[in-house]
Each structure stands twice: as C-alpha cells, then as structure tokens.
Amino acid sequence: MDHSADAQRTDLMTITRFVLNQQSNHPESRGDFSILLSHIVLGCEFLCSAVNKAGLAKLIGLAGETNVQGEEQKKLDVLSNDVFIKALVSSGRTCILVSEEDEEATFVEASKRGKYCVVFDPLDGSSNIDCGVSIGTIFGIYLIKEDHEPTIEDVLQPGKNMLAAGYCIYGSSCTLVLSTGSGVNGFTLDPSLGEFILTHPDIKIPKKGKIYSVNEGNAKNWDDPTTKYVENCKYPRDGSSPKSLRYIGSMVADVHRTLLYGGIFLYPADKKSPNGKLRVLYEVFPMSFLMEQAGGQAFTGNQRALDLVPKKLHERSPIFLGSYEDVEEIKALYAAEE
C-alpha cells in the first residue's frame, strides 16, 4: 500500500475547505452562506448519483405531467426538483426558492427561514437524459433584506445583484463550477472520497475563441445581426480561419465548453420565439454572472444581460455569451442595425 500517495490525497482543496477559506476573509460572516452552499453541493452529489443510475432505476421516460414551460416532465426532472427544494429548505438559510419546474415561487415557512433567495433549474437539458448527453443543474443566489416579509419582488432583481452563481454538470465527470463574486473555480467530484476537489482554479475564458454554438435549425427565423454574425463565423471576410460549430442542445454542456475553450454561445430571439427561449432568472443570469467573472461578456441584443430587470418569474430573453472579443463583434452588429 502506498501510504505517501494516500497522505498526498488528504492535502486536497475540497469545496468545503475552499468555501471555509473564503469565509475566513469575511470576519463578520456567521457561516450562513457556507451552510447554504454545502446543501447545494449535497443536492448536486445526490443528483449525480441519480443521473448515473437513471437507466437502471427506470428514472428515464416521462412522468406523465407537464411543467410550467409546457415541457413534458421526465421522472428525473421531478426527482431533481424535489431533491433541491428539500436540500435548500432544510439548510434553514433560504426564504424564497424559484425553480424552473414550479409555476409559483416556494416561500419557506418562518421557522426555517433564512436571508437567501435561490433561483435554479434543477435539471437543465433533461430532454437529453435518454441518450446519455451531459445535463446539469444551474443556480443563482440573492441576498434579501431581512427587515420585511419576503415577497416575489425580492426575487425580481437584476442579475448584477446576485451574490453567487454556479452550475453542476453531470457528464463524463461530475463538475461543479462556482463563483461567489471573485473569480470562477471548478471542482470535480472524486467518487472514491465523495468530495468535490478543486481541479480548475481561477478559470479565465480566452479573449477570443474558435467555436460558435447555436441551433442553426432556427436560422430562417433569425434577425439580421445574428444571421450576419453566423455567416461571418463560417465565411470570415478578414481571411482568418472559419470558426467550428459545436452545439449540444444542453445549455450547461454548451456553456461549460465555451467557458473552458472560449468562443460564443448564442440563443437569439427569432420569429418563433421573439423573446428568446432561455429563462432569465435561472439560466441567463447565473451563466452571464459566471462569464463576466471569468473575463467574458453576456449581451441580450439590447443591453448587458446582468442589467436586465425581470418582470416575472419565468421571463425569457435572448442571450449571446462567451469570449470578450466574440461578444464585442455581435454587439457591433446590433449597434450598426440601430
């Protein structure tokens, strides 16, 4: 038995250690945020296990209900939503929860109430479960003022007010990417330890990428700036090499690749979906927050994505996010259009 190798493995930066180290930078903190994060991590670990066993445990297939977006709910969607709500409520640190799967927000009973609001998509890309494509959980955390009874207005804040955001991707490995407002870090689940280990410290997205990611099946319905941008990706006028197209159709997977390799992810508005398709609170905001923290940009076609003020829980928005220079190009095309 290699004792020295085992000793080396105990000197790992786990997500728990990482969060506690960050907490020590804030002497005034009571540890509430760290406790909330540990419950989110627990939910992700549970779902990672459930996703891996889904085929065996008959968790794939439809549950026979439809969620608020009109999408048929998979059994795993229903389970993941329950898991996250229970994990967040039992932390005793949340007061409002907004899930993609529930029409109304969940208000936590007074005895278990805390000062945080969590918005989340418990299982993004779940239409891909049956074919083994990467799926994931997206979440964002807001702090609310404690001097009043929580209301829905506490959640309808611009993304720039977010305290933290992240996603967990269940793929060839289980990776949790997190930002608490000072950079982005990635942690990979070590199944033998049952712990997330820091594997991607201080992620920075390349200034310019070689990949664009968009559903070209919608091309005939796009507006001019999007059409011109994609045309330019394929047939660059400056003599540079064309960009490669990569599109998985699972936002977590597409954004994860964009974050690590650079490039741009687009889900524009079109004639069929004039307000875009992705939901503002628990898809657009957390991913835009992470992109900006990693040195990229996020743009809606009108404004910086994090400046958007949502009017309702399940509001949608177009989104262009990724490498700084790539997003600058699409911004220039929209400015020229105006």
Side-chain angles (χ1 to χ4, degrees), residues 69-72 100 121 123-136 138 167 169 171-172 205-280 283-284 286-288 290-291 296-303 305 316-338:
Q69 317 302 336
E71 301 160 341
E72 289 186 308
E100 192 223 15
D121 183 347
L123 209 57
D124 176 74
S126 51
S127 59
N128 288 317
I129 295 168
D130 293 15
C131 61
V133 167
S134 296
I135 52 184
I138 310 173
Y167 61 81
I169 182 167
S172 54
I205 186 170
K207 276 266 176 273
K208 192 171 174 61
K210 297 179 179 153
I211 296 172
Y212 73 104
S213 184
V214 64
N215 181 355
E216 288 215 46
N218 295 330
K220 74 178 175 96
N221 295 319
W222 288 343
D223 61 13
D224 278 353
T226 304
T227 306
K228 281 179 188 159
Y229 180 79
V230 172
E231 193 67 13
N232 201 38
C233 287
K234 295 192 277 196
Y235 308 103
R237 295 192 192 90
D238 59 4
S240 60
S241 300
K243 287 189 189 313
S244 298
L245 169 66
R246 297 281 182 273
Y247 186 71
I248 299 165
S250 169
M251 190 194 192
V252 174
D254 280 313
V255 170
H256 187 59
R257 185 201 53 249
T258 305
L259 189 62
L260 296 181
Y261 299 168
I264 188 167
F265 169 83
L266 313 82
Y267 210 120
D270 58 35
K271 294 187 188 106
K272 214 168 51 178
S273 313
N275 297 321
K277 194 86 182 281
L278 297 175
R279 269 70 58 146
V280 172
E283 289 175 331
V284 170
M287 293 310 201
S288 301
L290 289 165
M291 275 300 162
Q297 289 195 80
F299 176 65
T300 65
N302 287 317
Q303 64 186 125
R316 298 170 190 257
S317 166
I319 186 68
F320 306 86
L321 51 78
S323 295
Y324 194 91
E325 290 179 18
D326 291 325
V327 178
E328 276 299 305
E329 280 179 44
I330 194 105
K331 283 165 78 172
L333 288 167
Y334 271 98
E337 176 86 352
E338 282 173 22

Contact check, side chains of Ile138 and Val252, non-hydrogen atoms, under 4.5 Å: yes

Spacing of CG belonging to Asn218 relative to NZ belonging to Lys272, to within rounding of 0.5 Å: 4.5 Å

Give me each pair satisfying ring-ring contact (aromatic ring centres under 6.0 Å, His included) with a member in residues 252-275, each pair once, sequence neighbours excluded. Tyr167-His256

Check the pair Lys277, Glu283 against salt bridge (Lys or Arg N to Asp or Glu O under 4.0 Å), reporting the backbone distance first and the verdict last. CA-CA 10 Å; Lys277 194 86 182 281; Glu283 289 175 331; over 6 Å; no

Any idea which heavy atoms bring Asp223 and Thr227 closest together, and the distance? O-OG1, 2.8 Å

Could you pull out the closest heavy-atom pair between Leu333 and Pro225, with the gap in Å? CD1-O, 3.6 Å

What is the distance from atom CG of Leu266 to atom CG of Asp254, rounded to the nearest 0.5 Å? 10.5 Å

Residues 239-247 side chain polar contacts: donor-acceptor under 3.5 Å, at least two apart:
residue, atom, partner, partner atom, Å
Ser240, OG, Asp238, OD1, 2.6
Lys243, NZ, Gly209, O, 2.9
Lys243, NZ, Asp326, OD1, 3.1

Under the salt bridge (charged side-chain N to carboxylate O under 4.0 Å, His left out) rule, collect the residues that match up with Glu216, sequence neighbours excluded. Lys234

Which value, rounded to the nearest 0.5 Å, describes the distance between Asp270 atom CG and Asn275 atom CG? 10.5 Å

Residues Arg316 and Ser273: side-chain donor-acceptor under 3.5 angstrom: no

Excluding sequence neighbours, so at least two apart, what forms side chain to side chain contact (heavy atoms under 4.5 Å, CB included) with Phe299? Phe320, Val327, Ile330, Lys331, Tyr334

To the nearest 0.5 angstrom, please state how far the CD1 atom of Ile135 sits from the CG atom of Asp124. 9.0 Å

In short, Ile211 meets Gly262 closest at the heavy-atom pair CB-O, 4.2 Å

If you count every heavy atom of other residues, nucleotides or ligands that lies below 6.0 Å from Lys208 atom NZ, does the total exceed 12? yes

Taking ring-ring contact (aromatic ring centres under 6.0 Å, His included) as the cut-off, I'd like each qualifying pair that reaches into residues 212-231, sequence neighbours left out, listed once. none

Can you check whether Ser134's main-chain N or O pairs, donor with acceptor, with Ser250's side chain at less than 3.5 Å? yes

Hey, could you give me the OG/CG distance between Ser323 and Leu259, rounded to the nearest 0.5 Å? 9.5 Å

Nearest 0.5 Å, what's the OH-CD distance between Tyr324 and Gln297? 4.5 Å

For Lys220, enumerate each residue passing the side chain to side chain contact (heavy atoms under 4.5 Å, CB included) test, keeping only those at least two apart in sequence or located in another chain. none

Intermediate values then yes/no, side-chain contact (heavy atoms from CB on, under 4.5 Å), Thr258 and Ile205: CA-CA 8 Å; Thr258 305; Ile205 186 170; 4.3 Å; yes

Side chain to side chain, Leu278 and Ser317, heavy atoms closer than 4.5 Å: no

Strictly distance-based, threshold 3.5 Å: is any side-chain N or O of Thr300 a donor or acceptor partner for the main-chain N or O of Ala305? no

Minimal heavy-atom distance between Pro318 and Ala269, with the atoms involved, is CB-N, 3.5 Å

